[in-house]
Peer 1: 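Below is the structure I would like to discuss, written out as structure tokens.
Only heavy atoms go into these numbers, but all of them, side chains included; no hydrogens, no water, no symmetry mates.
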Amino acid sequence: MPMISTKTNVAISEEQELTLKSELGKAISILSGKSEQWLMLSLEDKCRLYFKGDNSKPIAYVEVKVFGKIDYSQSNKLTAKICEILDNVLGIDASNVYIKYEEVDMWGWNGSNF
């Protein structure tokens, strides 16, 4: 039950949104036992983000929340893939991307908790 939330200061077109949905859906499988089947995505564009006191360049802040433990080496590969996707789709350089990982030990769905 992963969740990927992305905030960026650039506009996201409908075509880019669909590409991000598809590419992030594939990328989540880098984490063992995770798939697009259970992935929830949130995309927020045109956010007021500053990095190093500047907002003149494309910036992204991404949160990856996962039910259970996250393997470090797999998360490292996912970080590289997310940065690649953001660069290819939105022109955001990896040096302007922060990614936060969060392991969640309780997750609710369909009226009950895991």
Peer 1: Shortest non-hydrogen contact from K81 to A27?
Peer 2: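 Shortest heavy-atom contact: CG-CB, 3.7 Å.
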Peer 1: Would you say L39 and I82 are hydrophobically clustered, going by side-chain heavy atoms of ILVMFWY under 4.5 Å?
Peer 2: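 Looking at the clustering, I82 is in the same group as L39.
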Peer 1: Excluding sequence neighbours, so at least two apart, what forms side-chain hydrogen bond (donor to acceptor under 3.5 Å, both in side chains) with S75?
Peer 2: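 With neighbours one apart ignored, the set is empty.
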Peer 1: Using side-chain hydrogen bond (donor to acceptor under 3.5 Å, both in side chains) as the criterion, list what pairs up with S13, not counting sequence neighbours.
Peer 2: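 Scan of S13 (side-chain hydrogen bond (donor to acceptor under 3.5 Å, both in side chains), adjacent residues dropped) gives Q16.
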Peer 1: Can you list every salt bridge (Lys or Arg N to Asp or Glu O under 4.0 Å) pair that touches residues 25-34, not counting sequence neighbours?
Peer 2: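 Found E23-K26.
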Peer 1: Verify the cluster assignment for V10 and I4: are they in a single hydrophobic cluster under the rule of side-chain heavy atoms below 4.5 Å apart?
Peer 2: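 Same cluster.
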Peer 1: Under the side chain to side chain contact (heavy atoms under 4.5 Å, CB included) test against L78, which residue among V66, V64, L24 passes?
Peer 2: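 Only one option passes, and that is V64.
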Peer 1: Can you find a heavy atom in the side chain of L20 that is under 4.5 Å from one in the side chain of L90?
Peer 2: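 The answer is yes; the side chains approach within 4.5 Å.
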Peer 1: Taking only residues at least two apart or on different chains, which pairs with a member in residues 17-58 satisfy ring pair (Phe, Tyr, Trp, His ring centres under 6.0 Å)?
Peer 2: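 For residues 17-58, and leaving out neighbouring residues, the ring pair (Phe, Tyr, Trp, His ring centres under 6.0 Å) pairs sorted by first residue read W38-W109, F51-Y98.
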Peer 1: Which residues pass the salt bridge (charged side-chain N to carboxylate O under 4.0 Å, His left out) test with K77, sequence neighbours left out?
Peer 2: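 Once residues adjacent in sequence are excluded, K77 has no partner under the salt bridge (charged side-chain N to carboxylate O under 4.0 Å, His left out) criterion.
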Peer 1: Under a 4.5 Å side-chain heavy-atom rule over Ile, Leu, Val, Met, Phe, Trp and Tyr, are L49 and L43 clustered together?
Peer 2: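 Per the 4.5 Å side-chain linkage, L49 and L43 are not co-clustered.
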Peer 1: Check whether any side-chain N or O of N9 sits under 3.5 Å from a backbone N or O of I59 as a donor-acceptor pair, and report yes or no.
Peer 2: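 Judged by distance alone, yes, a pair lies under 3.5 Å.
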Peer 1: Sequence neighbours left out, what pairs pass ring pair (Phe, Tyr, Trp, His ring centres under 6.0 Å) with at least one residue falling in residues 52-77?
Peer 2: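 As it turns out, the ring pair (Phe, Tyr, Trp, His ring centres under 6.0 Å) pairs with a partner in residues 52-77, which skip direct neighbours, are F67-F114.
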Peer 1: Out of curiosity, T6 OG1 to I92 CD1, how far, rounded to the nearest 0.5 Å?
Peer 2: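 Nearest 0.5 Å value for the OG1-CD1 distance: 8.5 Å.
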Peer 1: Please tell me whether W107 and Y101 are part of a single hydrophobic cluster in this structure, the criterion being side-chain heavy atoms less than 4.5 Å apart.
Peer 2: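 No, because W107 and Y101 fall into different hydrophobic clusters, even though each may have its own neighbours under 4.5 Å.
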Peer 1: What is the distance from atom CD of E63 to atom CD1 of I99, rounded to the nearest 0.5 Å?
Peer 2: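 Between E63 CD and I99 CD1, I get 11.0 Å after rounding to 0.5 Å.
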Peer 1: Taking only residues at least two apart or on different chains, which pairs with a member in residues 98-114 satisfy salt bridge (Lys or Arg N to Asp or Glu O under 4.0 Å)?
Peer 2: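 Of all non-adjacent pairs touching residues 98-114, those that pass salt bridge (Lys or Arg N to Asp or Glu O under 4.0 Å) are K65-E102, K69-E103, K100-E102.
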Peer 1: Indicate if M1 and I30 have the same hydrophobic cluster label, given that clusters are the connected sets of ILVMFWY residues with side-chain heavy-atom separations under 4.5 angstrom.
Peer 2: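 No, it is not one cluster - the side chains of M1 and I30 are not joined through contacts under 4.5 Å.
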Peer 1: Who pairs with S95 by side-chain hydrogen bond (donor to acceptor under 3.5 Å, both in side chains), at least two apart in sequence or on another chain?
Peer 2: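 Counting only residues at least two positions away or on another chain, S95 forms a side-chain hydrogen bond (donor to acceptor under 3.5 Å, both in side chains) with D93.
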Peer 1: Check salt bridge (charged side-chain N to carboxylate O under 4.0 Å, His left out) between E36 and all other residues, then give those that pass, not counting sequence neighbours.
Peer 2: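 With neighbours one apart ignored, the set is K21.
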Peer 1: Which heavy atom of A11 sits nearest to which heavy atom of K46, and what is that distance?
Peer 2: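 Reported closest heavy-atom pair: CA-CG, 3.9 Å.
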Peer 1: With N88, which residues qualify under side-chain contact (heavy atoms from CB on, under 4.5 Å), at least two apart?
Peer 2: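 Checked N88 against side-chain contact (heavy atoms from CB on, under 4.5 Å); matches are E84.
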Peer 1: What residue pairs, at least two apart or across chains, pass ring pair (Phe, Tyr, Trp, His ring centres under 6.0 Å) with a residue in residues 2-32?
Peer 2: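 For residues 2-32, and leaving out neighbouring residues, there are no ring pair (Phe, Tyr, Trp, His ring centres under 6.0 Å) pairs at all.
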Peer 1: Closest heavy-atom contact between I28 and S35?
Peer 2: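 That would be CG2-C, 3.6 Å.
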Peer 1: Sequence neighbours left out, what passes side-chain hydrogen bond (donor to acceptor under 3.5 Å, both in side chains) with E44? Give chain and number order.
Peer 2: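 E44 satisfies side-chain hydrogen bond (donor to acceptor under 3.5 Å, both in side chains) with no other residue.
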